[in-house]
There are 2 protein chains.
Amino acid sequence: MAGELSGGDLSRLRQLNALAVIKALQGGPSLTLTEVAKRTGLSRASTEDVVRELLDKGWVAEAGATAGGVGRPARRYRFRAEAGRVLGIDIGDHKIRAVVADLDGAVLHSARMPVTPEMGRVERLEAVDRAAAECLEGANLSGGDVWASGVGTTGLVDGAGRVMLSEALPEWTGVDLAAHVRRLAPGPVLVENDSKLAALAECWRGVARYAKDMVFLLAGLRTGAGLVIDGKLHRGFANASGEIGALPVLGWIRAQEHLSAASGEAGDVFAAARAGDKAAANAVRRYVKDLALGASALVLALDPQMVVVGGGFSRSADVLIEPLRRELDRWCIRTPEVRMSALGDEGVVLGAVRLALDDVEDRVLDGRSPLVSHL
Amino acid sequence: MAGELSGGDLSRLRQLNALAVIKALQGGPSLTLTEVAKRTGLSRASTEDVVRELLDKGWVAEAGATAGGVGRPARRYRFRAEAGRVLGIDIGDHKIRAVVADLDGAVLHSARMPVTPEMGRVERLEAVDRAAAECLEGANLSGGDVWASGVGTTGLVDGAGRVMLSEALPEWTGVDLAAHVRRLAPGPVLVENDSKLAALAECWRGVARYAKDMVFLLAGLRTGAGLVIDGKLHRGFANASGEIGALPVLGWIRAQEHLSAASGEAGDVFAAARAGDKAAANAVRRYVKDLALGASALVLALDPQMVVVGGGFSRSADVLIEPLRRELDRWCIRTPEVRMSALGDEGVVLGAVRLALDDVEDRVLDGRSPLVSHL
DNA sequence: AGAAATATCATGGAGAGCATCATTATTCGG
DNA sequence: CCGAATAATGATGCTCTCCATGATATTTCT
């Protein structure tokens, strides 16, 4: 029950309040000092002090005043999202996506490279290089401008950013992704499993924005899960959480087979089922049953507020969600809200951006951020 | 992704540092100011200030100096555990336990009442009253001296301290335990599911003291689980986490039946198996297989550092642990450390004490604790 | 132009933490 | 028994952070 609520120095207090001001300003429109003070709970005077400091350090900029009100017009301040850049990369079986985003997480430029599951390690890494390069070029940046990079990949990832085990891509096991990406962008590189990143993205910008406990289901050619517990991505002791698919009785291993047995192309089955094809409808039903079994195990274990379904099959929400909800109802003590991801196939790459931004924010607190040295 | 790292006032800093000093002093032996300063990271001067304040408020007392060293002998300070009392109650099917503990969690007096699963609600509540009364009397206290009470019970508990659903004790569903216990001790009453409390206790005083992520298995006439994630008890959105037993394919429903089928008294089966009885050994093997199935689901979902087995059957560690570990190995990607609870049937009541103490500590921070008004 | 409204700026004070140094109480060695 | 060494305590003054308050500035409304 460690806790480690350090407390400590006075400067620590300032750091916390500075972060609170940044959070208040981030994302939203520009605010006046009085507005910031109200949101952070600080006094106006202190707020002014903090904002001046952030202004000096380059985290905040003055925004144009808005006319209209009575009284002396207030200065408006905004988070200087353009102060830094982060890189997000999603390495999938069929495509590689890279995006450059600002400190608000707004995507400035993105690139996509088609790949195939059969591709070897070297070829795939080259595709990563091309996607990242194109993306940086498009945003008119060099690798050195990137403050942090987030990378999502299939398979288990270790703490140092190496791929420990990838079932879908055998050649992928053992790749040191962190080292590879660091060649492209020399800042910190955070590597994480793709399901986990998609979960993170849903809690950030997706449909789970207000959920503290959430289970994300990756429903696609592979089936996986990512967990957010108490507002934080849950990794586990060896970064192997959410791997419920390894348990045969929970059905995730065979889930997808029902679909491929019914038709050559998995995606077509949903269309056929929608059109009234009995065999396809049956296949979908069996798929959902198996998906729900593993999902129920997660829901019963964690009792989350929400289950979010993403992955390739989430496009077929109409034939998936309702049956899934019914199946969950069958097993669960309390069936949580079930929602379809709204992020489509951008989930993973957005999660990668979020991962990089989290790293940047940690360093705001410590004053170790790049900005300090730039000014 | 809220976060809510408020920051705030200067007094907040003092609160945090005061708590840090208390934590440093709690449990261990008396310390000198310099020792406290080293542990908290504060300067000696500030430590002195904080300690003086805590001395005034009654949280800390001076302890006798220890002779022997060279130089001016230092004053020693200790946490004044005797300043307050908490009550812990475990309401089980076969027994009710109540303990009174001091602020260190040291048990001052305990009482035990035998009950039966068949007992009605009223009778059981009367037994709770008797156990609590005997316990308070033995410690020479009245209910008003109790700063907070923790209560553990079978079944699901809602946020307000009512039993929502108890499968083992049908009559128990709907009891407002918080209200009932508040009649005995008018302070705050925290009610929680027994498996969760046992998990909490293991992380506090049991074998999982240094684990941040832990899965506790209640192995007994009932089978249940409690989860500690990131050092905190995980409750879930509706306090229904760990209920993996509701999923039939995971075997916890039928697990215990293997044992009762082999012998009238479940406890005997382990003894028989240990003695070499083939049928009993088989029954135990099947039991462990089923137990491990649900446990694997939890382990795969969460990837905890440790699995702790408690409950009535944990006395039979010799025939349980090794097979369980082997079964987990079969299903899990990374098998965590598996350990037997060392708390025996005290786990739940100790967890209840911890729950009450957590509540007290929260109030230390706010200055809302009883002590302030006493002095 | 004057009143009202609202924001910024300046001053002073309180709380918290820290560094420094003088003072005090021991033990140890001779 | 006395002085040196050792280590804790106590006092002083500084800085940092936050806050309350009131003076000043800039705008709109009448």
Side-chain angles (χ1 to χ4, degrees), chain A residues 5-22 24-25 30-57 60 62-78 365-367, chain B residues 5-22 24-25 30-57 60 62-78 364-367 372:
Chain A
L5 261 177
S6 49
D9 205 338
L10 271 180
S11 59
R12 169 100 184 134
L13 197 57
R14 173 51 73 92
Q15 282 172 355
L16 288 172
N17 285 335
L19 192 70
V21 168
I22 286 182
L25 248 28
S30 64
L31 297 177
T32 70
L33 281 182
T34 339
E35 283 162 350
V36 174
K38 197 185 304 174
R39 293 199 192 195
T40 55
L42 294 175
S43 75
R44 220 207 87 101
S46 304
T47 308
E48 197 173 344
D49 209 40
V50 172
V51 166
R52 196 190 312 280
E53 184 183 320
L54 291 174
L55 216 50
D56 281 352
K57 291 197 179 153
V60 156
E62 205 171 330
T66 48
V70 57
R72 176 173 176 170
R75 288 187 181 164
R76 307 191 75 84
Y77 299 92
R78 64 182 181 82
L365 254 144
D366 299 14
Chain B
L5 260 178
S6 48
D9 207 338
L10 271 181
S11 59
R12 168 98 185 137
L13 199 56
R14 172 50 74 90
Q15 283 170 356
L16 288 172
N17 285 334
L19 193 69
V21 168
I22 285 181
L25 248 29
S30 64
L31 297 178
T32 71
L33 280 184
T34 338
E35 284 163 348
V36 174
K38 198 184 303 175
R39 293 198 190 197
T40 56
L42 294 177
S43 75
R44 220 208 86 102
S46 302
T47 308
E48 198 174 344
D49 210 41
V50 172
V51 166
R52 196 190 314 280
E53 185 184 318
L54 290 174
L55 216 51
D56 281 352
K57 290 198 179 154
V60 156
E62 205 171 329
T66 48
V70 57
R72 175 171 178 171
R75 287 188 180 163
R76 307 191 75 84
Y77 299 92
R78 65 181 179 80
V364 175
L365 254 145
D366 299 14
V372 179

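Chain naming here is simple, since letters A, B, ... match the order of the sequence lines and numbering starts at 1 in each.
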Please encode protein proximity along nucleotides 25-30 of chain C as a string of B, S and -, counting only heavy-atom distances under 4.0 Å. BBS---
So does A:R39 have more than 12 non-hydrogen atoms from other groups sitting under 6.0 Å from CZ? no
From the options A:T47, A:D49, A:V36, select the one residue that forms a side-chain contact (heavy atoms from CB on, under 4.5 Å) with A:L42. A:T47
Please list, by residue number, the residues of residues 46-53 of chain B whose heavy atoms come closer than 4.0 Å to an atom of DNA chain C; answer none if no residue qualifies. B:S46
Between [N] ([atom2]) and [X] ([atom1]): distance, integer Å:
X	N	atom1	atom2	answer
B:R76	D:dT9	CZ	C1'	15 Å
B:L10	C:dC18	CG	C1'	14 Å
B:L42	C:dA19	CG	P	11 Å
B:R14	D:dT17	CZ	P	17 Å
B:Q15	C:dG15	CD	P	14 Å
A:R12	C:dG15	CZ	C1'	19 Å
A:L13	D:dC19	CG	P	9 Å

Counting only side-chain heavy atoms from C-beta out, which of [options] sits nearest to [X]?
X	options	answer
B:R44	D:dT9, D:dC19, D:dT17	D:dT9
B:S43	C:dA19, C:dT8, C:dG15	C:dA19
B:S11	C:dA16, D:dT9, D:dT17	C:dA16
B:R75	C:dG17, D:dC18, D:dT9	D:dT9

Just call it for A:T34: base, sugar-phosphate, or nothing, with non-hydrogen atoms closer than 4.0 Å on any strand. sugar-phosphate
Determine, for A:E48 against A:R52, whether the closest basic-nitrogen to carboxylate-oxygen distance falls under 4.0 angstrom. yes
To the nearest 10°, give me the bend of the helix from C:dA1-D:dT30 to C:dG30-D:dC1, comparing the axes of its five terminal pairs at either end. 10°
